[in-house]
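Counting starts at 1 for both ligands and their atoms, in listed order. As the structure is a prediction and not an experimental result, all values here were calculated from the model.
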Amino acid sequence: MENLTNCYEALQPAVCHACLFAKGAAPGRRFGGELFPLGRPAAQRSGSGGLDAQDPAPQPLTPGSGEVWLLTRSAPGHWTDGRPAAAAAAAMPVGGLLPLFSSPAGGGLGGGLGGGLGGGGSRKGSGPSAFRLTEKFVLLLVFSAFITLCFGAIFFLPDSSKLLSGVLFHSSPALQPAADHKPGPGARAEDSAEGLPRLREEGAPGNPAAALEDNLARIRENHERALREAKETLQKLPEEIQRDILLEKEKVAQDQLRDKDPFRGLPEVDFVPPIGVENREPADEAIREKRAKIVEMMKHAWNNYKRYAWGLNELKPISKEGHSSSLFGNIKGATIVDALDTLFIMGMKNEFQEAKSWIEKNLDFNVNAEISVFEVNIRFVGGLLSAYYLSGEEIFRKKAVELGVKLLPAFHTPSGIPWALLNMKSGIGRNWPWASGGSSILAEFGTLHLEFMHLSHLSGNPIFAEKVMNIRRVLNKLEKPEGLYPNYLNPSSGQWGQHHVSVGGLGDSFYEYLLKAWLMSDKRDLEAKKMYFDAIQAIETHLIRKSSGGLTYIAEWKGGLLEHKMGHLTCFAGGMFALGADGAPEALAQHYLELGAEIARTCHESYNRTFMKLGPEAFRFDGGVEAIATRQNEKYYILRPEVIETYMYMWRLTHDPKYRKWAWEAVEALENHCRVKGGYSGLRDVYFIYETYDDVQQSFFLAETLKYLYLIFSDDDLLPLEHWIFNTEAHLLPILREDKKEVEVKEK
Ligand code: DMJ
C-alpha cells in the first residue's frame, strides 16, 4: 500500500491537514456520541498513517487510540456520527463535521480541536479548524478527486499489472489476479470468485525474480500476439473481412443443420452380456458384513429419496423434500439416473426396475432451461449408458442417444470447443459468466470423451466421436505453458484464457479422461496416452510438492506461481496415477504407483485431522499447517467420493489392507455424522464438534461414494478393471475391443 501512502504524503500539508488523518489526537477525546476510526489502530499502520485498502469496516473508537476518525454519511450532504443528521449537527462541536483537521503547528486533534472538543459546542473553535462548512466540503471534494485520480492511475493505466506488482506489492515475487471458480456441486463451482489481486507465497521454485520475468514476458507475448492479429485483420480488405465473417457463420449454421437430425432411427444392436457382474459374496465373513452394511446405507439413501423426493433431482434429508440444482435445468430425476448402476451391482433388483419404469415414463429432455453440459453428460448420459451396458435394456440406449443429440448444439462455436451451458430447447449456449474472458472450462469440455465415444458406438453415428476428437485437435494445436494445460479456453478464439492450472476443480477429470480414453480404446488410442503421460510429467514438475512433514500434495499453479492448497476433488488423482502406472515407461511404473499411494496417504491425513474424520473441501500446506483447512469456507464436506475412489483403486492395485481400513473409517464417519433420519446430509464444518448439516443428499453419493465403498469390500472379479472403465461419476463403460466387439452395430 506504500504508493497510496506516498500519494497521501505528497499532499501534505496542503491537503492532508484538511483530510481524513489525524495523528496524536488527545486521549479520550470524543464528542457527540460515537465516532468511527478509519482503519486499524495507529500502531498497526505502516508508514505514515497511510490509507490501507484492506482496513476493516469502521469500528467505534476506543478512547485514547489517537486514531483517524471518519464520520459516516447518512444522506447526501449530511455527515453524521451515526445519529440522525440534525441531532448530530446540533451536538456538533468544533470541526464536528470534519473533525479531522490538525494544526499545522502539530497540535492535531489535541491542539486544533482542543477547545472545541473540550468545550463541546462552539463551531468556531480556535485554530485552523475554523473552516466554514462550505469550505470544508470544497476541501473534501478536492481531496476525493485527488484520491480518485490516484486510483485511476493505478488501475486504469495500460499495463497496470506491472505497476501493481512493481509498486503496490513490491515485496512479493509476483501478483496474480485470483479467479478461482467452479460451477455446481460437482464443485466445478465450489471455489469462489475472489476477483481481487492476491499475493502468492512462492514464486517459481527457487527464483521469484525469474517467475516475475516470465510473467512479464508472457504479458508482452500476449500483447504482441493481439497486435499481430489486429494488424493482419487491418491488412485485409473490408470485403475479405466480410467474407471471413460469412464463412464463419456458414460453418456454424451447417453444423447446426447437420446436428439437428443426425438419425433416422437407432440401428439394431446385439447386446453382449457384461463381464464381471456376477456378484459373489466375499469369503471372509467380516468383509461380508461390511459389504452388507454398505448395501444397507444405499437402501437408507434410496428409500428416503423415494419417500420424500421421488422424481425430483436430489433429496433434502433434513427438510425431507426435493432439492433442485440449476445444473440440470429442469431435467428431473438426477438421483434415479445416477443411482441406476449402483442399484444393479448391489443386486437391488426391485429398485432398479422402479427406476427403469420412472425413466420410461418421465425422463424428458425437452426442457426450456439451461443445463450444465458437463454435469448432464457425466450423470445422465453416463448413467444411462452404464445402465444399458449392465442390463441390456433398450430404453437406456435410446434415452442416452436422445440426450446426446440434444447436447450437440453446445458444440456450435467457431472452434468447436463446446459451451458450458446450453438451453436444450433453443440450442443456445453460453459460458459461465465468471470464467476467464468467456472461456470454456478444461474439466468440462475435456470430460465428454468417454461418453461421446460410446454414443457413436451405440448409435452407429460418428458425429459424437467427431465432436470430441475435434476438441483434442484444438488442444493439440495449442502451445502449452510449461507443458501444462490451463483451465480456461476461449471457444471463439480457440486460445487459452488465464493461465491457471489445477488437478482439482476446473482441471481434474480432463486428465482422468485422457488416461481412460487410452484404456477404454483397448490401449489403441496412443495419442491420448501420450497426452496423458506428457501432462502428468509437467504436473509432477510444476505442481507436486512435499510438505516439511513429508506429505506429498498437488498444488495449484497460477501463471507460474503456486498456491499450496489441495482440493478434495484433487484426491481422485491418487487413483488415477496408480491406474495409469501400468502403461508408464517401465522405469516409471513403480514410481506412479507410489505417487498414487502418497496422494492417498495425504488425503487420508486430511480426513484424520478433522473432528468428524471426513475431509474438508480444500486443505492447505502453508502458514504452518499441513493437510488442514484454514478458511471457514473450505471446511465443508458434501458426501464427495474422491478420497474413497482413490482407496478403491489402491486396494484393487496393491491389496494393501490399510485401504480397506481407511475405507471403513470413512463408513463409520458417514454413519456417525452424515446419516440422519431422512437420508445422508453433507456437513458445513468437519472440524466442529457438532454437526451442522447442509441438507443435501448429493446424487453422486449414490452413484460414486457408495459404489466405490461397495467395490472395496467386494472381490476383484466384480467389475474387473481390465474390462470396465468408470466415468468420472463412477458410471461403467466397457472397454471397446477391436477384435471382439461388445456391441455389434447392424445396419437396419
Ligand atoms: C462428481 O460429480 C464427479 O466425480 C465429478 O468429476 C467431480 N465432482 C463430483 C463429486 O465430487
* Hey, would you say the Tyr607 and Tyr647 ring centroids sit under 6.0 Å apart? -> no

* Asked: What atoms of ligand 1 come closer than 4.0 angstrom to any heavy atom of Arg379?
  -> 2 (O)

* Asked: Passes salt bridge (Lys or Arg N to Asp or Glu O under 4.0 Å), Glu512 versus Lys516? Steps please.
  -> CA-CA 6 Å; Glu512 175 187 355; Lys516 291 180 176 176; 2.8 Å; yes

* Just distances here: any N/O of Asp508 and N/O of ligand 1 closer than 3.5 Å? -> no

* Mind telling me whether Tyr680 and His300 have parallel, tilted or perpendicular rings, with 30° and 60° as the class edges? => perpendicular

* At the 4.0 Å heavy-atom cut-off, does His568 count as touching ligand 1? -> no

* Close approach, Thr447 and ligand 1, non-hydrogen under 4.0 angstrom -> no

* Asked: Near Leu569, which atoms of ligand 1 are under 4.0 Å from a heavy atom of that residue?
  -> 7 (C), 8 (N), 11 (O)

* Hey, would you say the Tyr389 and His454 ring centroids sit under 6.0 Å apart? -> yes

* Below 3.5 angstrom, do we get any N/O pair linking Glu729 and ligand 1? -> yes

* Asked: For the residue pair Tyr511 and Tyr485, does the interplanar ring angle fall in the parallel (under 30°), tilted (30 to 60°) or perpendicular (over 60°) class?
  -> perpendicular

* Taking the six-membered ring for Trp, are Phe411 and Phe452 parallel (under 30°), tilted (30 to 60°) or perpendicular (over 60°)? -> tilted

* Structure fact -> So the atoms of ligand 1 within less than 4.0 Å of a heavy atom of Glu642 turn out to be 4 (O), 7 (C), 8 (N), 9 (C), 10 (C), 11 (O)

* Asked: Backbone, side chain, both or neither: what part of Gln698 comes under 4.0 angstrom of ligand 1, heavy atoms only?
  -> neither

